[in-house]
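Step one of this worksheet: look at the structure below.
Since this is a predicted model, take the numbers as computed values, not measurements. Proteins come first, then strands; the chains are lettered A, B, ... in the order of their sequence lines, and each starts at number 1.
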Protein chains: 2
Amino acid sequence: MNRSPEAARELRRAYLFADMADEHMNTLIQGAHDIHLNPGDALFRQGQPAERFFFLRDGLIKLFRLSPEGDEKVIELMRPGETFAEAVMFMGTQGRYPVNAEAVSEARLYAFEQKTFLGLLRESSDACFGLLGSMSRRLHMLVNQIESLTLQNATYRLVAYLLEQIPRDVKTSPEVQLTTPKGVIASRLAIQPETLSRILAKLRQGGLIDVHGNHITVRDVQALRNLVHLPPQD
Amino acid sequence: MNRSPEAARELRRAYLFADMADEHMNTLIQGAHDIHLNPGDALFRQGQPAERFFFLRDGLIKLFRLSPEGDEKVIELMRPGETFAEAVMFMGTQGRYPVNAEAVSEARLYAFEQKTFLGLLRESSDACFGLLGSMSRRLHMLVNQIESLTLQNATYRLVAYLLEQIPRDVKTSPEVQLTTPKGVIASRLAIQPETLSRILAKLRQGGLIDVHGNHITVRDVQALRNLVHLPPQD
DNA sequence: GGGGGCGGTTGACCAAGGTCAATGCCATCG
DNA sequence: CGATGGCATTGACCTTGGTCAACCGCCCCC
């Protein structure tokens, strides 16, 4: 299929591909598969042999672990423009996916063969560096997550999450549209849905935010930032 | 300094160097620095520009974060034969250490210049693959940590830690010598030292273990494994 | 040898957040 | 249109593990 030009432009959004040579991009794109998922569809399961990795074009994917009792912990929420499962290729002994991946909303993805990509990495140190960059970003993110799970309480984590959702350059009372069901956000933050509800109610009563369904108006950004001891804007 | 032969052998223990060409190893070793730390000495602080990464020859190093209130969370415990802080090189904008590093016991290390190593990665895809491998192992470990922090309780985490300390092939009642002060283990497991104490006491009362200072005799491995729903030996 | 300090232990109490159950709120579908 | 089912909210209660304080044992050092 000859979709290279637009597909390439689309893929460049991902750190992994940002600096990759056009020639290599084309090789990858030729071998890519289109995937379409409906809400609730599984993309892969923990423990399956990892033969492909993914670029999310549209929709929302959750990466999660299950406890033996069936409790779910969302490790990461993937949004359009991001790649995932690239790191698994290097886990010796024929890598297996370390988490489950499932569509939260309708989603479109590209899937790439690990083998193709590995071959490409062998020849291109730029491609290697792209991958190293995206892996070290992910490492950093996980360390931050561990810190906030252990050193911070539920309110802190939720407030930090809300603040992350606010676009950079907004000065006025910002509107946050939760693109993710509250239950999934709760799991990502390692709290129960009930607790999430209660914390939102508390913030609402404190006059810090307004809540209408999954639309949140932040009435006092500064107060929120203070709650997580962040310096005044920046 | 001409210490290449022994140093090379020593470094091969680390995944990062296992498959590296001798020639590249030598380049690295020539530029390496010896470091000696006493207990409590800082190796680097979170936020400092990361110009070097490390190989631990001897002793114990803790990597940790501090909350604004001064609480400490140990993210990782480094043991001899392991490398750390290699991943920081790729964090764009002149990387900074994302954690603090401090010696728990007397320690000896080699320090390598990131710049030298980066140059070497440019030329050698094997070196790149070594690094990719060690980063993906670390990613996997962090995901496991997040899972056990959120999906499992304190007893589970401590028992899992104890079981990890038992050498693979032991069939008889295994002896575990804690190489790490209990306070540090507690922080690594994200529990308070008091709680650690209490859980050990509970396991002792249950007849599962014997505790003498930092020497622990596991009286019933199978019962411990059941506690964390692991299958009978393997 | 006595004092001080540090790491660890134990007890009493407390609070954050989990659990369980009832209820509300839509959106979808027959 | 009313019924069904999933998600969210609220309340009552409970559990885990944190906090605070006292104390112990040990090592080190003057």
Side-chain angles (χ1 to χ4, degrees), chain A residues 38-41 60 62 67 69-74 102-106 148-159 161-162 177-205 209-216 227, chain B residues 38-40 60 62 67 69-74 102-106 148-159 161-162 176-205 209-216 227:
Chain A
N38 289 312
D41 285 355
L60 188 64
K62 63 177 176 184
S67 77
E69 292 77 29
D71 298 329
E72 178 175 315
K73 168 64 174 92
V74 172
E102 197 179 292
V104 175
S105 59
E106 200 179 352
S148 81
L149 286 174
T150 54
L151 257 23
Q152 246 68 55
N153 64 19
T155 302
Y156 180 105
R157 297 204 292 281
L158 176 53
V159 169
Y161 181 86
L162 285 180
Q177 189 69 34
L178 298 179
T179 57
T180 313
K182 286 180 185 170
V184 177
I185 297 178
S187 168
R188 166 59 244 280
L189 301 176
I191 58 186
Q192 298 309 114
E194 293 95 324
T195 306
L196 178 73
S197 230
R198 280 188 253 268
I199 295 173
L200 282 179
K202 209 178 53 194
L203 294 175
R204 182 157 34 76
Q205 284 156 28
I209 61 174
D210 277 348
V211 184
H212 303 98
N214 54 12
H215 183 93
I216 295 179
L227 265 188
Chain B
N38 289 311
L60 189 64
K62 63 176 176 185
S67 77
E69 292 78 30
D71 298 328
E72 180 176 313
K73 169 64 174 88
V74 172
E102 197 179 291
V104 175
S105 60
E106 201 179 353
S148 81
L149 285 174
T150 54
L151 256 23
Q152 247 67 56
N153 64 20
T155 302
Y156 179 105
R157 297 204 292 280
L158 175 52
V159 169
Y161 181 86
L162 286 180
V176 175
Q177 189 69 34
L178 298 179
T179 58
T180 313
K182 287 181 185 170
V184 177
I185 297 179
S187 168
R188 166 58 246 280
L189 302 176
I191 57 185
Q192 297 310 115
E194 293 94 326
T195 305
L196 179 76
S197 230
R198 280 189 255 269
I199 295 174
L200 283 180
K202 208 179 52 192
L203 294 176
R204 182 156 33 76
Q205 285 155 28
I209 60 173
D210 277 349
V211 185
H212 303 99
N214 54 11
H215 183 93
I216 294 179
L227 265 187

Between [atom2] on [N] and [atom1] on [X], what's the gap in Å once rounded to a whole number?
| X | N | atom1 | atom2 | result |
| --- | --- | --- | --- | --- |
| A/L196 | D/dT10 | CG | P | 12 Å |
| B/L149 | C/dG17 | CG | P | 15 Å |
| A/E69 | C/dT19 | CD | C1' | 14 Å |
| A/K182 | D/dG6 | NZ | P | 19 Å |
| A/I185 | D/dC7 | CD1 | P | 14 Å |
| A/R204 | D/dT10 | CZ | C1' | 11 Å |

Axial bend angle, the helix from C/dG1-D/dC30 to C/dG30-D/dC1: five-pair end segments, nearest 10°
20°

Hey, does [Y] have a side-chain heavy atom less than 4.5 Å from the side chain of [X]?
| X | Y | answer |
| --- | --- | --- |
| B/E72 | B/V74 | yes |
| B/V211 | B/L203 | no |
| A/I216 | A/L200 | yes |

Selection from D/dT10, D/dA8, C/dG8 that lies nearest to any side-chain heavy atom of B/S197
C/dG8

Return yes if some donor-acceptor pair links the side-chain N/O of [X] with the main-chain N/O of [Y] below 3.5 Å, else return no.
| X | Y | result |
| --- | --- | --- |
| A/S148 | A/R157 | no |
| A/T180 | A/I185 | no |
| B/K73 | B/R188 | yes |

Using a 4.0 Å heavy-atom cut-off to protein, can you give one letter per nucleotide of nucleotides 12-30 of chain D, 5' to 3': B if the base is in contact, S if only the sugar-phosphate is, - if neither?
B----SSBB----------

Could you state the interatomic distance from CG (B/N153) to CD1 (B/I199), rounded to the nearest 0.5 Å?
7.5 Å

Please tabulate, for side-chain N and O atoms in residues 189-196 of chain B, each donor-acceptor pair with protein atoms closer than 3.5 Å (sequence neighbours left out).
none

